[in-house]
S.K.: 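Could you have a look at this structure, given as structure tokens, before my questions?
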Amino acid sequence: MWLHFTFHQNPIGKGVVNEVGPYIKELGYKKALLVTDKFIEGSDILPKVLKPLNAEGIEYVIFSDVEPNPTCKNVTEGVTALEEHGCDFIISLGGGSPQDAASCISIIATNGGKPQDYEGLHKSAKKGLPVVAINTTAGTSAEITINYVITDEERKVKMVMVDKNSLALISVNDPELMLSKPKGLTAATGMDALTHAVEALVTPGAYNVTKKLSIGAIELIKEYLPRAVANGQDIEAREAMVNAIFLGSMSFNNAGLGYVHSMAHQLGAVYNLPHGVCCAMLLPVV
């Protein structure tokens, strides 16, 4: 077993979003497809991300048509936008939905085909197009894992893809981008994070290192999620939740998850429910 990412590519903490522009410039990328959703596009979050890009002269095209449960249609349209505008990398901005959509766009950009081709374990042959994943919710950990989920709207099935070639080049977890999140979204994504940690703790694939990471995540979530829900401007609580999802992601990225996520994905696909809400309802199953 091995960890699927390295620490130096995952800046965490207040203000780290300002490092994005210089880092991209150093790597030599020129034009991004910025994958996000309508909420983020109309919020105060987007200007905070565009500022360091503009300062370094990095071009971008905004693709904001990602739905709460991203679909094959969203991915296909994103690939078309990327090709039409000649983008050489992707910036994903948001919670799990933009992150998952960007992962699939990245894989198809270099491997071809359609989203359904990549359902399952490690189906791609080539590394995906580089992704800079900027997270805005403390929940899914989609920005720092090798898992992504896309809804096949025709079959009403959430397809789970596990693919080392989809791992983001760099992930950014800045709690200052999470201060404006409403209570409901904070609670739902936090319950997703808690479910990750609990499932990774009890799954047959767990081992000593992943168990300690899971326990660390659970302890942080227990203390700080209620505070983050009660007061979204509590930066200490927001930063603690960022640390919790990082620990939890390292655990389940290597140990795996369980029945709760299997059931939650299908509830979300059939009834179009937020993933975190499904996890919260099903967590007692563990």
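Quick caveat: nothing in here was measured; it's all calculated off a predicted structure. The first residue in the sequence is number 1, and the count goes up from there.
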S.K.: For Val61 and Lys31: C-alpha separation, side-chain torsions, deciding distance, then whether side chain to side chain contact (heavy atoms under 4.5 Å, CB included) applies.
M.R.: CA-CA 8 Å; Val61 174; Lys31 189 173 186 179; 3.7 Å; yes

S.K.: Taking all atoms of both residues into account, what is the closest heavy-atom pair of Thr137 and Gly95, and its distance?
M.R.: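 Looking at all heavy atoms of both residues, the shortest contact is OG1-CA, 3.4 Å.
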
S.K.: Considering only residues two or more places apart or on different chains, which pairs with a residue in residues 77-92 satisfy side-chain hydrogen bond (donor to acceptor under 3.5 Å, both in side chains)?
M.R.: Lys73-Glu77, Ser92-Gln99

S.K.: Can you hop from Leu179 to Val20 via hydrophobic side chains spaced under 4.5 Å?
M.R.: no

S.K.: Measure across Gly139 and Ile245 and return the closest heavy-atom pair with its distance rounded to 0.1 Å.
M.R.: N-CG2, 3.5 Å

S.K.: For the residue pair Ile40 and Ser43, what are the closest heavy atoms and their distance?
M.R.: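 So the minimum-distance heavy-atom pair works out to O-OG, 2.9 Å.
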
S.K.: Taking C-beta and beyond as the side chain, do Glu176 and Ile235 meet within less than 4.5 Å on heavy atoms?
M.R.: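 Result yes, sub-4.5 Å side-chain heavy-atom pair found.
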
S.K.: What's the separation between atom CD1 in Ile215 and atom CG in Leu247, rounded to the nearest 0.5 Å?
M.R.: 11.5 Å

S.K.: Using a distance-only test with no angle check, is there a side-chain donor-acceptor pair under 3.5 angstrom linking Thr71 and Asn74?
M.R.: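 The answer is yes; a qualifying pair exists.
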
S.K.: Partners of Ser106 by side-chain hydrogen bond (donor to acceptor under 3.5 Å, both in side chains), sequence neighbours excluded?
M.R.: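 Partners of Ser106 under the side-chain hydrogen bond (donor to acceptor under 3.5 Å, both in side chains) test: none.
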
S.K.: Minimum heavy-atom separation for Ala168 to Glu143, with atom names?
M.R.: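 Shortest heavy-atom contact: CB-O, 3.7 Å.
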
S.K.: Would the distance check show the side chain of Asn253 and the main-chain N or O of Thr145 forming a donor-acceptor pair, the cut-off being under 3.5 Å?
M.R.: no

S.K.: Verify whether one side chain among Ser214 and Ser251 offers a donor that lies under 3.5 Å from an acceptor in the other.
M.R.: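 Result is yes, a qualifying pair exists.
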
S.K.: Begin from the C-alpha positions of Phe252 and Ser141 and carry the test side chain to side chain contact (heavy atoms under 4.5 Å, CB included) through to its verdict.
M.R.: CA-CA 10 Å; Phe252 83 79; Ser141 299; 4.0 Å; yes

S.K.: Test of understanding: with ring-ring contact (aromatic ring centres under 6.0 Å, His included), list the residues that count as partners of Tyr148, not counting sequence neighbours.
M.R.: none

S.K.: Any side-chain heavy atom of Tyr118 sitting closer than 4.5 Å to one from Asn111?
M.R.: yes

S.K.: May I ask you to check whether Asn165 and Ser124 show a side-chain donor-acceptor distance below 3.5 Å?
M.R.: yes

S.K.: Answer yes or no: are there more than 12 heavy-atom neighbours, outside Asn208 itself, under 6.0 Å from its atom CG?
M.R.: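 Incorrect, the count does not exceed 12.
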
S.K.: Under the side chain to side chain contact (heavy atoms under 4.5 Å, CB included) rule, what do Thr36 and Val66 come out as? Steps first, then yes or no, please.
M.R.: CA-CA 6 Å; Thr36 190; Val66 177; over 6 Å; no

S.K.: I need the Tyr60 OH to Leu50 CG distance, nearest 0.5 Å.
M.R.: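 Between atom OH of Tyr60 and atom CG of Leu50 there are 4.0 Å.
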
S.K.: Would you indicate whether the side-chain heavy atoms of Ile170 and Leu27 approach each other to under 4.5 Å?
M.R.: no

S.K.: If only atom types and distance count, is the side chain of Asp174 paired as donor or acceptor with the main-chain N or O of Val16 below 3.5 Å?
M.R.: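 It does hold such a pair.
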
S.K.: Does Leu185 offer a backbone N or O that forms a donor-acceptor pair with the side chain of Thr189 under 3.5 Å?
M.R.: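 Checked: pair present.
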
S.K.: For the residue pair Ala200 and Thr203, what are the closest heavy atoms and their distance?
M.R.: O-CG2, 3.4 Å

S.K.: Say whether, by atom type as modelled, one donor and one acceptor occur between the side chain of His122 and the main chain of Lys164 under 3.5 angstrom.
M.R.: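 Yes, His122 side chain to Lys164 backbone: donor-acceptor pair under 3.5 Å.
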
S.K.: Can you tell if the side chain of Met161 reaches within under 4.5 Å of the side chain of Lys123, non-hydrogen atoms only?
M.R.: no

S.K.: Indicate yes or no: at least one non-hydrogen side-chain atom of Glu153 is less than 4.5 angstrom from one of Cys72.
M.R.: yes

S.K.: When you measure from the side chain of Asn254 to the backbone N and O of Met250, does any donor-acceptor pair fall under 3.5 Å?
M.R.: yes

S.K.: Can you name the nearest heavy-atom pair linking Ala138 to Met241, along with the distance?
M.R.: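 Smallest interatomic distance, heavy atoms only, reads CB-CB, 3.7 Å.
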
S.K.: With sequence neighbours excluded, what pairs up with Asn18 under the side-chain contact (heavy atoms from CB on, under 4.5 Å) test?
M.R.: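 Scan of Asn18 (side-chain contact (heavy atoms from CB on, under 4.5 Å), adjacent residues dropped) gives none.
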
S.K.: Using 0.5 Å steps for rounding, measure from the CD1 atom of Ile150 to the CD atom of Glu119.
M.R.: 11.0 Å

S.K.: Just wondering, more than 12 heavy atoms not from Lys30 lying within 6.0 Å of its NZ?
M.R.: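 No, NZ of Lys30 has 12 or fewer neighbouring heavy atoms, counting only those of other groups under 6.0 Å.
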
S.K.: Glu236 vs Tyr224, test: side chain to side chain contact (heavy atoms under 4.5 Å, CB included). Steps then yes/no.
M.R.: CA-CA 8 Å; Glu236 182 183 18; Tyr224 289 101; 3.9 Å; yes

S.K.: Ignoring hydrogens and angles, tell me if any N or O in the side chain of Lys183 forms a donor-acceptor pair with the backbone of Gly232 under 3.5 Å.
M.R.: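 The answer is no, because no donor-acceptor pair under 3.5 Å joins these two groups.
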
S.K.: Mind checking what makes side-chain hydrogen bond (donor to acceptor under 3.5 Å, both in side chains) contact with Ser64, not counting sequence neighbours?
M.R.: Lys38, Glu41

S.K.: So Lys51 and Val17, do their side chains get closer than 4.5 Å, heavy atoms only?
M.R.: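 Answer no - side chains too far apart.
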
S.K.: Under the rule for side-chain contact (heavy atoms from CB on, under 4.5 Å), what residues qualify as partners of Ala244, not counting sequence neighbours?
M.R.: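 Scan of Ala244 (side-chain contact (heavy atoms from CB on, under 4.5 Å), adjacent residues dropped) gives Leu220, Ile221.
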
S.K.: Tell me, do Leu93 and Thr136 make a side-chain contact under 4.5 Å, heavy atoms counted?
M.R.: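 They are in contact (side-chain heavy atoms under 4.5 Å apart), so the answer is yes.
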
S.K.: For the residue pair Asn135 and Met178, establish whether any side-chain heavy-atom pair is separated by less than 4.5 Å.
M.R.: yes

